[in-house]
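Just below is one structure, and these are the notes that go with it.
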There are 2 protein chains.
Amino acid sequence: MNTSTEARNNETGKAASRSAKTGAARVSQTERAYDQIKRRILENDMAAGFQALEQELAEMLGMSRTPVREALIRLAEEGMVEVRPRHGMRVLPVSADDMREIYEILTSLESTAAELAAARGVTDAEMAELKMTVTDMDAALEEEDLRKWAAADEKFHMLLVKFSNNARLLALVNSFWEQTHRVRLVTLRLRPKPVNSNKDHAAVADAIAKGDREAARRLHHRHRVKSGKMLVALLKEHGLTQL
Amino acid sequence: MNTSTEARNNETGKAASRSAKTGAARVSQTERAYDQIKRRILENDMAAGFQALEQELAEMLGMSRTPVREALIRLAEEGMVEVRPRHGMRVLPVSADDMREIYEILTSLESTAAELAAARGVTDAEMAELKMTVTDMDAALEEEDLRKWAAADEKFHMLLVKFSNNARLLALVNSFWEQTHRVRLVTLRLRPKPVNSNKDHAAVADAIAKGDREAARRLHHRHRVKSGKMLVALLKEHGLTQL
DNA sequence: GCACGCATTAATGTATACGTTAACATAGTC
DNA sequence: GACTATGTTAACGTATACATTAATGCGTGC
């Protein structure tokens with residue numbers, strides 16, 4: 001008589017950390033506000049420098065100011081927006097210097113992740129998953145599909161961090177990647193074909209497969225320093241001081 | 001920036017925006033709630049596992065639920081507390097495994113900071129400041145003043161990160177240090193005399209003075225791995241599974 | 001034309017109201 | 001006695017109310 005066990009999966013279905021319980025996923029307004037605003041920022045619907053008052057956001061999202069405020073607190077803490085008392089929130093632009101800072105951190109954390117993954121050892125399934133991203137990157141380059149390449153690139157980095165067996169590390173790296181999302185979108189078309197990145201990834205994967213932690217760390221570190229420098233140079237070169 | 005030195009009045013201490021004419025410092029309730037709750041957690045007034053409802057905290061702090069909620073969102077984001085819908089907030093205990101994760105991250109970020117500081121080069125004044133902490137640590141050990149030693153130790157690490165010229169890195173390291181604060185307090189008396197730590201610090205300072213980035217990184221990395229392992233071992237040895 | 005002070009306005013910070021719903025207790029069923 | 005259904009309660013999520021105060025514009029004096 002009770003069919004409530006049948007999941008009505010018409011919800012966002014995103015990376016919602018809702019447990020896979022039965023019943024409709026009850027999403028709080030605060031959560032909705034957070035997801036919505038973040039999505040719009042990441043997809044550049046709200047570009048860098050975009051400003052809006054709490055009330056405006058509330059109307060835009062069909063809710064009151066309270067959940068909007070709560071979402072903004074989180075987004076501000078993560079460095080996505082800034083909240084100035086009488087000016088509402090502002091989507092923080094990312095400068096070349098911001099990118100330097102973020103890449104220094106990502107370089108550090110990701111190469112640590114590579115080392116940890118190599119030290120811990122990854123399962124065959126995990127290694128297969130990792131190598132698949134390299135294959136995808138190669139294929140994407142062949143097809144000249146930069147979007148696809150970027151997706152595979154991101155997947156590789158995320159898997160790497162996941163395999164490090166450190167939840168905090170994963171969350172951190174994820175957060176900083178998000179902050180670079182817009183910038184990478186733009187530079188994707190300005191940079192030279194990322195052939196070397198593919199090679200780098202393959203080499204890192206190999207080192208991890210061999211359990212050579214020092215090599216994994218060193219190779220990934222070098223890879224990250226290279227792409228970081230390239231990106232920052234690209235930004236300066238094109239006068240892209242604020243993204 | 002908030003060392004455990006003194007439990008002064010709850011002033012923000014940051015902006016010093018207190019103008020001469022208006023005597024009262026303009027601190028928002030949300031900020032007061034944040035500072036207060038955080039201070040109590042760091043000083044173990046609210047021990048790990050401590051629970052309280054929003055309403056209780058509000059009464060405790062003499063304000064309404066709203067600013068308490070906003071403070072809790074930030075504290076939760078920083079990993080200090082957990083907010084469960086019908087159980088109020090809970091001060092998150094730190095397990096040995098949490099310490100492993102946090103130390104892996106700190107090891108990574110701090111050794112990067114050491115490398116960056118060495119690469120950038122520090123001024124004479126900065127180097128003097130750094131060496132002063134080593135002197136203080138030595139003196140503290142002589143006097144068997146472990147509190148003082150811990151303060152100097154923390155100062156060294158914070159200076160290191162400050163000299164890296166990366167604001168995000170500084171904020172991150174600071175945040176994770178705070179999370180280990182309670183644990184370090186307890187282990188301070190259980191661990192062997194930290195003679196080697198002093199030597200390590202001196203060596204790192206030297207490498208930075210010489211501008212030897214690879215040495216700075218490697219030495220600090222080794223230092224951190226050592227103390228991290230020591231700490232985790234200590235926790236397990238003494239059955240301190242939750243702090 | 002410019003600097004300054006004051007009135008106006010509106011965005012915010014905070015308190016409070018209120019419906020919803022999870023947690024707990026209690027009673028009822030096998 | 002264990003388990004399930006039901007009722008009660010109160011903590012929360014969210015909306016709203018309201019006092020405060022920063023930003024803005026305007027008029028005044030020079």
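- Taking only side-chain nitrogens and oxygens, A:H87 never comes nearer than 4.0 Å to OP1 or OP2 of C:dA11.
- Protein chain A contacts DNA chain D from D:dT14 to D:dA23, reading 5' to 3' and using non-hydrogen atoms of the protein with a distance under 4.0 Å.
- Both A:R84 and A:T66 sit near DNA chain C, but only A:R84 has its closest nucleotide nearer the 5' end.
- Per the geometry, CD belonging to B:Q51 stands 12 Å off P belonging to C:dA23, to the nearest Å.
- Contact check for A:L172 versus A:L109: side-chain heavy atoms found under the 4.5 Å cut-off.
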**Asked** Step by step, would you call A:D153 with A:R184 a salt bridge (Lys or Arg N to Asp or Glu O under 4.0 Å)?
**Response** CA-CA 11 Å; A:D153 180 51; A:R184 276 180 291 114; 5.5 Å; no

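- Remark: C1' of C:dT12 and CD of B:E31 are 15 Å apart, rounded to the nearest angstrom.
- Within a 6.0 Å radius of NZ in A:K38, more than 12 heavy atoms belonging to other residues, nucleotides or ligands are found.
- Taking 4.0 angstrom as the limit, B:T30 places none of its side-chain polar atoms (N or O) nearer than this to OP1 or OP2 of C:dG13.
- Using a 4.0 Å cut-off between charged side-chain N and carboxylate O, B:E104 and B:R100 make a salt bridge.
- Taking 3.5 Å as the limit, the base of C:dA11 and the side chain of A:R86 contain a donor-acceptor pair of atoms between them.
- Between A:F156 and A:H220, the ring planes are parallel. Angles under 30° get that label, and only those over 60° would be called perpendicular.
- For the pair A:E70 CD and C:dT12 P, the computed distance is 15 Å after rounding to whole Å.
- For DNA chain D, the neighbouring residues in residues 53-61 of chain B, judged by any heavy atom under 4.0 Å, are B:L53, B:E54.
- Atom CZ in B:R32 sits about 10 Å away from atom P in C:dT14, given to the nearest Å.
- Between B:R74 and B:E31, no side-chain nitrogen of the basic residue sits less than 4.0 Å from a carboxylate oxygen of the acidic one, so the salt-bridge criterion is not met.
- Evaluated for a salt bridge (Lys or Arg N to Asp or Glu O under 4.0 Å) with A:E54, the options A:R84, A:R65, A:R86 yield exactly one hit, A:R65.
- Heavy atoms of other residues, nucleotides or ligands lying less than 6.0 angstrom from NZ of A:K148 number more than 12.
- Between B:D98 and A:R168, at least one side-chain nitrogen of the basic residue sits less than 4.0 Å from a carboxylate oxygen of the acidic one, meeting the salt-bridge criterion.
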